[in-house]
Amino acid sequence: SDAVVQRTQDGFLIDAGPLPPYSVTPFSVGKGQCAVETGVSCGERFLENNYIRVELNDDGDIVRVFDKKRRREVLAPGAKANVIQAFEDRPLEWDAWDVHIFYDDKMWLAEPASEITLVETGPLRATIEIKRRILSSDYTQRISISHTSPRIDFRTFIDWRERHILLKAAFPVGDHPQAGVDV
């Protein structure tokens, strides 16, 4: 059978289609198979497939997740998602284990993105890479969608320079009984 292939920084993504379990199935990869239409589209501030559309602002925050199958917005009105927040971590007893109700009394937000780059453009996966800083820690985050799923994948690499600080990624979803895509 023919496979759809996408070159990535780490190698190749291959969609061989449905395969019987416990089988050995030969497939071929030919020229032009990277141009197959899978529904994945992207730009420096959006990722889209047949299931969802994700939009970012210039700071690198997600400002829209639209569920195409249910035809609705996933985020609460006016909300930003994937907002990286840092909080002072001063537990009453066990460090790194106790998170007390007052943990959010002191909060810091990530600085605006220093770079936003489209690093993968499909047809199997699209990825935006964002470089930011929170407090004294630099981080790079890759946000990806694939052609087969409504899931949004996040890979975050951080050079953590903080002590007694906990980190949170905030995703304020709307008031829907079936709130959302897989995050």
Taking distance alone, no hydrogens or angles, what donor-acceptor pairs closer than 3.5 Å link side-chain atoms of residues 120-128 to residues at least two apart or in another chain?
{"unit_1": "E120", "atom_1": "OE1", "unit_2": "R125", "atom_2": "NE", "d": "2.6"}
{"unit_1": "E120", "atom_1": "OE1", "unit_2": "R125", "atom_2": "NH2", "d": "3.3"}
{"unit_1": "E120", "atom_1": "OE1", "unit_2": "T127", "atom_2": "OG1", "d": "2.6"}
{"unit_1": "E120", "atom_1": "OE2", "unit_2": "R125", "atom_2": "NH2", "d": "2.9"}
{"unit_1": "T127", "atom_1": "OG1", "unit_2": "S144", "atom_2": "OG", "d": "2.6"}

For this session: Could you walk me through whether R142 and F154 pass the side chain to side chain contact (heavy atoms under 4.5 Å, CB included) test, one step at a time?
Result: CA-CA 6 Å; R142 288 181 157 218; F154 296 85; over 6 Å; no

For this session: List the steps, then state whether side chain to side chain contact (heavy atoms under 4.5 Å, CB included) holds for D15 with T38.
Result: CA-CA 11 Å; D15 182 351; T38 60; over 6 Å; no

For this session: Go through the steps to decide whether I152 and I52 satisfy the test side chain to side chain contact (heavy atoms under 4.5 Å, CB included), and finish with yes or no.
Result: CA-CA 9 Å; I152 305 168; I52 58 171; 3.5 Å; yes

For this session: Please step through side-chain hydrogen bond (donor to acceptor under 3.5 Å, both in side chains) for the pair S137 and E162, ending with a clear verdict.
Result: CA-CA 7 Å; S137 300; E162 318 307 323; 2.6 Å; yes

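Ionic pairing of D159 and R133 is not present here: no N-O contact between side-chain nitrogen and carboxylate oxygen is shorter than 4.0 angstrom.
Its side chain within the 4.5 Å cluster rule, I165 clusters with I84, W108, I134, L135, Y139, I158, W160, L167 among the Ile, Leu, Val, Met, Phe, Trp and Tyr residues. Through direct or relayed side-chain contacts under 4.5 Å between Ile, Leu, Val, Met, Phe, Trp and Tyr, V40 connects to no other residue. Here V119 sits alone; no ILVMFWY side chain lies under 4.5 Å from its own, so it joins no hydrophobic cluster.
The shortest side-chain heavy-atom distance between F157 and D138 does not fall under the 4.5 Å cut-off. With contacts defined as side-chain heavy-atom distances shorter than 4.5 Å, the pair D67/Y51 does not qualify. L56 has its side chain within reach of I130: a pair of non-hydrogen atoms, C-beta onward, lies under 4.5 Å apart. Residues I145 and D153 fail the side-chain proximity criterion, which asks for heavy atoms closer than 4.5 Å.
The side-chain contact (heavy atoms from CB on, under 4.5 Å) search around E44 returns L118, not counting sequence neighbours. Checked against salt bridge (charged side-chain N to carboxylate O under 4.0 Å, His left out), E48 has the following partners two or more places apart in sequence or in another chain: R53, K68. Partners of D10 by side-chain contact (heavy atoms from CB on, under 4.5 Å), not counting sequence neighbours, listed by chain and number: T8, R155. Residues forming a side-chain hydrogen bond (donor to acceptor under 3.5 Å, both in side chains) with S23 (at least two apart in sequence, or on another chain): T25. Every residue meeting the side-chain hydrogen bond (donor to acceptor under 3.5 Å, both in side chains) condition with D58, not counting sequence neighbours, appears here in chain and number order: R45. In this structure, the side-chain contact (heavy atoms from CB on, under 4.5 Å) partners of P172, at least two apart in sequence or on a different chain, are A79, A81. In this structure, N57 has no side-chain hydrogen bond (donor to acceptor under 3.5 Å, both in side chains) partners at least two apart in sequence or on a different chain. Under the side-chain hydrogen bond (donor to acceptor under 3.5 Å, both in side chains) criterion, R64 pairs with E55, E73, not counting sequence neighbours.
Of the inter-residue distances, the one linking I116 atom CD1 with D59 atom CG reads 7.5 Å to the nearest 0.5 angstrom. Rounded to the nearest 0.5 angstrom, C42 SG and I143 CD1 are separated by 13.0 Å. Taking CG of N49 as the start and OG of S149 as the end, the distance is 7.5 Å to the nearest 0.5 Å. To the nearest 0.5 Å, atoms CE (M107) and NZ (K168) are separated by 8.5 Å.
Residues I62 and V173 are members of one and the same hydrophobic cluster, defined by side-chain heavy-atom contacts under 4.5 angstrom among Ile, Leu, Val, Met, Phe, Trp and Tyr.
Not less than 6.0 angstrom separates the ring centroid of F66 from the ring centroid of F46.
S136 places no side-chain N or O within 3.5 Å of a backbone atom of R161 that could act as its donor or acceptor partner.
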